[in-house]
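Indexing begins at 1, ligand by ligand and atom by atom, following the structure's order.
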Amino acid sequence: MTTRLTDGFQLVVDALKANDIDTVYGIVGIPITDLARTAQASGIRYIGFRQEASAGNAAAAAGFLTRRPGVCLTTSGPGFLNALPALANATANCFPMIQISGSSDRAMVDLQRGDYQDLDQLSAAKPFAKAAYRIGRVEDVGRGVARALRTAISGRPGGVYLDIPGDVLGQALEASAAADTIWRVVDPAPRQLPAPEAVDRALDVLRQARRPLIVLGKGAAYAQADGAIRKFVEDSGIPFLPMSMAKGLLPDSHPQSAAAARSLAIARADAVLLIGARLNWLLGHGESPQWSAEARFVQVDIAASEFDSNRPIAAPLAGDIGSVMSALCDAAAAHPIAVPVEWTAELADRRARNDATMRQRLTEDPQPMRFYNALGAIRAVLQENPGVYVVNEGANALDLARNVIGMELPRHRLDTGTWGVMGIGMGYAIAAAVETGDPVVAIEGDSAFGFSGMEIETICRYGLPVTVVILNNGGVYRGDEAPTGKDPAPTVLNARARHELIAQAFGGKGYHVTTPSGLRSALAEAIASDGPSIIDCELDPAAGVESGHLAGLNPTSAVARRPARDEIEPNR
Ligand code: ADP
C-alpha cells in the first residue's frame, strides 16, 4: 500500500481554507511561489501585487471590511521588510491582518552564515505586530495558522506576523495524520459583555449632561454593530460626530449628525460618549481648549488599557461594541435620555451656516480648478452612486474630501487612518473592489498616488472596477514653490504630469480634465464602465496649503519661505 503524502505548502492552504480565508494578497518569490500556486489551485483567490506594502495594505483593508483577517503573503528578506509598514499600520489601526512570510534556513540565519535574503524576520516583525509567531515544523502549520487567526481577530484586532521557513513548507507528512493537525477556530472574536454597573454609570453621566455628544470611531464601523449603534443614537437623540472612517455608519445626511458643526460640538460638549474611537491626536488628545475642560468622557472599547490614555474616563465600558450598545439600549429604555433642545438647536444653527458656506465654495468656478471645485463635481457624482467605496489619501485631497464627500453607507470609506500614512491608496482600493465586487473611487493627491501608483497595473490585470481620481496640483501640498537653485523646490512635483496615460499603458481608461463639468462626466462614465481608469484632474498649482489641516504639527523654519495658506477651511 502506498502512503499518501502532503506537505507544508498544502497544509498552509488547508488551514487557511478551514478558517474561511478565501483570498490571499501577495507577491511570489523564493520560497513561497508554490504556496501561491497551491492556494490558487485549491480555490483561494490569489491577488498578485507589484510591491509588498500594497499587498499588506490590501490585506489590512480586507480585515477592516470583512471582520476576518486579511492575509498577505511575502517572500524572505526584502519582500518581508517591504510589507512591514503595512503590518505596523494594520496594528496601529486595529485591523485584523496576517502577514505570512517565507524565510531563509534558520540554521544559516542564526549563525549569520550569509544565506540568500537572510534575516531574523521574527525579531524584526515583533515591534510592529500585535504578535509574531514562527512555525518550526510541518506538524505545527495548522496550530500556527489557528494561533495567528485567533490573535489577529480577538480582543483589539491587529496585525500578526507568521514566519514559515522555506524548509518547513517543503517538509512532507503522511496525509491522514496531517489532516488531524488542522482545525477551525471556534468563535474567533468572542463577545465581551459589559458589567451592568458600568452600563448604569455611563447612562448616569449622559443623563446628567446638558450638551451630550457621541463620537463614532472606525472601531464602531469595524464592529458591524450598525443596528444597535443606530438604535442608541436615535433613541437617545444625542448628536453624533463620525470620525472619518466611521462616516456612513449613520448617514452623513442624518439630522443628528454634528459633522458640519464639528468644532462647536467638540468645544461645547459636556459629556462625550466615545464608541470605538481613541482620544489620540485625531481628537486633540481630548484636551482643552479644543475640548471643554469640564467635559466628562464615557468610552466604549474592547481594550480596557485604552481608558485614561489621555483624559480621565468617567465611565469606562469595556466590551465589544455590539454587546455594549445593546446593553445601553436596554438599560436606557426604562429611563430614557433627554437631550436639551437648546443644544440641538445650537448645533443645527452652526450646521446650517457651515453648509451654506460649503455650498457656495463648491459652486465657484475658477480657472484653473481648485480643490473645492473638483470635489464638488466628485460629490455630485457620488451622491448619484451611494454604493461606491471611497478611498482617500493626500494632504489637502484628504482634508477637504473628508468634509465635502458625504457617506451614506457604513464601511464605505477607507483613508489614511490612525497614522495619517500615505501609500495606502491602491492597496485599499484593490481590497475594496476584490472583497465587495462594488465600484471604488480613490480620491488621491498627486503626491500620495505616487507611493502606490504602480498598482494601477494590478488593478488593470484583474480588471477591477476602480477609478482613481488624481487631484493634480503638481506638488506635495502644492506645486508652485519657486526653486532656489537649478533643482525643483522640495515640495514640487510635475503639474503637467498626465497620470491618465499610466492607466492606458496597462489597458485601462484614461481621462484628463480641467473643469468641474469635465470631471463630472468623466467620473460618471468611469464608474459606469465597471473597469479600471484614471482621471487626471488638473488643478491650480497654487491650490492647497502646506501640511493640509495639520499645519500646526509641522515645525516651521524661521528661514525657509512658506507659501500663503489661502485655502484653509473653517475647522469643521
Ligand atoms: P478613529 O481613528 O476612527 O477615532 P480608532 O482607531 O482610534 O478610531 O479607535 C478604534 C478603537 O476601537 C480601538 O481603541 C479599538 O480597541 C476599538 N475596537 C475595535 N473593535 C472593537 C470592537 N469590536 N468592540 C469594541 N471596541 C473595538
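At least one heavy atom of G319 sits under 4.0 Å from some atom of ligand 1.
The shortest contact between atom 19 (C) of ligand 1 and any protein heavy atom is with G219 CA, 3.9 Å. For atom 16 (O) of ligand 1, the nearest non-hydrogen atom of the protein is D301 OD1, 2.6 Å. G276 O, 3.0 Å is the protein heavy atom nearest to atom 10 (C) of ligand 1. Protein heavy atom in closest approach to atom 26 (N) of ligand 1: I302 N, 3.1 Å. In terms of protein heavy-atom proximity, atom 23 (N) of ligand 1 is nearest to A223 CB, 3.7 Å. Given atom 24 (N) of ligand 1, the protein heavy atom at minimum distance is I321 N, 3.0 Å.
Under 4.0 Å from ligand 1, the heavy atoms of T418 that appear belong solely to its side chain. Of all the heavy atoms of L282, the ones lying under 4.0 Å from any atom of ligand 1 belong exclusively to the side chain. Under 4.0 angstrom from ligand 1, there are no non-hydrogen atoms of L283. The proximity of R278 to ligand 1, defined as any non-hydrogen pair under 4.0 Å, involves the side chain as well as the backbone.
Side chain of N354 to main chain of A261: no donor-acceptor pair is present (N/O by atom type, distance under 3.5 Å, no hydrogens or angles).
Atoms of ligand 1 lying under 4.0 Å from at least one heavy atom of Y222, given by number and element, are 20 (N). The ligand atoms of ligand 1 that sit less than 4.0 angstrom from a heavy atom of G217 are 3 (O). Of all the atoms in ligand 1, the ones that sit under 4.0 Å from a non-hydrogen atom of A277 are 4 (O), 8 (O), 9 (O). Near N280, meaning under 4.0 Å from any of its heavy atoms, are these atoms of ligand 1: 7 (O).
Inspection of the T151 and Y133 side chains reveals an N or O donor paired with an N or O acceptor under 3.5 Å. Judged purely by distance below 3.5 Å, without hydrogens or angles, the side chains of H285 and Q290 never pair a donor atom with an acceptor atom.
A salt bridge is defined here as a Lys NZ or Arg NE, NH1 or NH2 lying under 4.0 Å from an Asp or Glu carboxylate O, and R413 with D415 meets this definition. No salt bridge links R311 with E287; every basic N to acidic carboxylate O contact stays at or beyond 4.0 Å. In summary, D204 and R201 do not engage in a salt bridge, as defined by a charged side-chain N under 4.0 Å from a carboxylate O. Under 4.0 Å is where a charged nitrogen must lie from a carboxylate oxygen, and between R210 and D270 no such pair does. A salt bridge links D226 to R411: at least one charged side-chain nitrogen sits closer than 4.0 Å to a carboxylate oxygen.
Residue R156 has at least one nitrogen or oxygen atom sitting less than 3.5 Å from a nitrogen or oxygen atom of ligand 1, judged on distance alone.
With E306 as the fixed residue, the side-chain hydrogen bond (donor to acceptor under 3.5 Å, both in side chains) test singles out one of Q299, R278, R156: R156.
Residue-environment remark: CZ (R147) stays at or below the threshold of 12 foreign heavy atoms within 6.0 Å.
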**Study point:** F80 vs Y161, ring pair (Phe, Tyr, Trp, His ring centres under 6.0 Å): CA-CA, chis, key distance, verdict
**Key:** CA-CA 10 Å; F80 153 80; Y161 176 63; 5.0 Å; yes

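In this structure, of M245, R67, K218, the residue bringing a heavy atom nearest to atom 2 (O) of ligand 1 is K218.
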